[in-house]
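Encoded as structure tokens, the structure appears first; notes follow it.
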Amino acid sequence: MLTQAFYTNKNTIDVAKNLLGKILVTKMEGLVTKARIVETEAYCGITDKACHAYNNKRTKRTEIMFANGGVCYIYLCYGMHYLFNVVTNTINNPHAVLVRAVEPLEGLEIMQKRTGKKENDFTITKGPGNVTKALGITNNQNGYSLLQNTIYIEEDDFILSSKQIINTPRIGVHYAKEDALLLYRFFIKNNLFVSGKKIDNFAN
DNA sequence: CGACCGATCGTCT
DNA sequence: GACGATCGGTCGA
């Protein structure tokens, strides 16, 4: 299991890159699922126009982002999808990393059942909405510590070289104006579970 | 393959 | 009352 120090790293870009290749584990109602993180996005605090905490915006929803790193921030997007974020940085520095895609490692049948997919193709955990659906994550787990055993992140001997990490602008943040251009999206090159249109994945 | 569109609801103004 | 850090289906080239 990754330790607190991993999450309180003040360089959120590094955390977003370091999360690639790590294993996201959920234990929901006795069901264990594990999946390798293959795509992330960094949301960097009160100066980042794409971040929900931009301009020091503290609301009931964003409050958890102001916590010390190592908890989850989960919210409902477009009224139908839960999106899972790792809160990073230290207290009152509301940074987070969105997990946009994972690759199933364990509990594939459980994921298939949860998502209602008829075939086990790469769409099962492609895209942030599908990630939470497959892993059984809802906003019931909002604020959960990643140092407990319901949701946590671990690592194995998977090695990722910096050459295999691609960066592009973030997806779906057009409203963030110039900050929409920041290269804060990271993914593993050539991984089939990575989300977005193909053209998005050749931007860099 | 790309463009478009509807579904759906908590949160904030 | 408006708006999303989305997804999957459909339509047309």
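Order of the sequence lines fixes the chain letters, A, B, ..., with proteins taken first and strands second; residue numbering starts at 1 for each chain. Quick note: numbers below take in every heavy atom, side chains included, and nothing from hydrogens, waters or symmetry partners.
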(message) Would you say A:Ile165 ends up clustered with A:Phe6 if hydrophobic residues are merged whenever their side chains have heavy atoms under 4.5 Å apart, either directly or through other cluster members?
(response)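 The answer is yes; both residues are in one hydrophobic cluster.
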(message) Grouping I, L, V, M, F, W and Y whenever their side-chain heavy atoms are under 4.5 Å apart, do A:Val99 and A:Val32 come out in a common cluster?
(response)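 As far as the 4.5 Å side-chain criterion goes, A:Val32 and A:Val99 are not connected within one cluster.
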(request) Could you give the distance separating C:dA5 and B:dT13 at their P atoms, to the nearest angstrom? (result)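 These two P atoms come out 14 Å apart once rounded.
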(message) Defining pairs by Watson-Crick or G-U wobble geometry with both distances under 3.5 Å, how would you list the stems of DNA chain C with at least three pairs each?
(response)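 Stems found: B:1-7 with C:6-12, B:9-12 with C:1-4.
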(message) Check A:Glu39 with A:Lys126, please: is the shortest side-chain N to carboxylate O separation under 4.0 Å?
(response)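 A salt bridge is absent here (no side-chain N lies under 4.0 Å from a carboxylate O).
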(request) With a 4.0 Å heavy-atom cut-off, tell me which residues in residues 75-91 of chain A come close to DNA chain C, sorted by residue number. (result)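 Close to the strand are A:Tyr75, A:Cys77, A:Tyr78, A:Gly79, A:His81, A:Leu83, A:Asn85.
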(request) Specify the residues of residues 41-53 of chain A, ordered by number, for which at least one heavy atom lies under 4.0 angstrom from an atom of DNA chain C. (result)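 Residues of residues 41-53 of chain A that come under 4.0 Å of DNA chain C are, in numerical order, A:Tyr43, A:Ala50, A:His52.
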(message) Check for me whether A:Arg170 meets the cation-pi criterion with A:Phe186, that is, NZ or CZ under 6.0 Å from the six-membered ring centre and within 45 degrees of the ring axis.
(response)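 Pair A:Arg170/A:Phe186 does not count as cation-pi.
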(request) With rounding to the nearest 0.5 Å, note down the distance linking NE2 in A:His174 to CG in A:Leu181. (result)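 Taking NE2 in A:His174 and CG in A:Leu181, the distance rounds to 13.5 Å.
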(request) Nearest 0.5 Å please: distance from the CG atom of A:Asn92 over to the CG atom of A:Asn56. (result)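 Rounded to the nearest 0.5 Å, the CG-CG separation comes out at 8.0 Å.
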(message) Test your reading of the model: is there a side-chain donor-acceptor pair from A:Lys17 to the backbone of A:Ile13, 3.5 Å cut-off?
(response)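 Flag not set: sc A:Lys17 to bb A:Ile13 has no pair under 3.5 Å.
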(request) Mind calculating the distance between CD1 (A:Ile74) and C1' (C:dA5) to the nearest angstrom? (result)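 Roughly 14 Å, once rounded to whole Å.
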(request) Could you tell me whether the side chains of A:Thr8 and A:Thr90 share a donor-acceptor contact shorter than 3.5 Å? (result)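 The criterion, which ignores hydrogens and geometry beyond distance, is not satisfied for A:Thr90 and A:Thr8.
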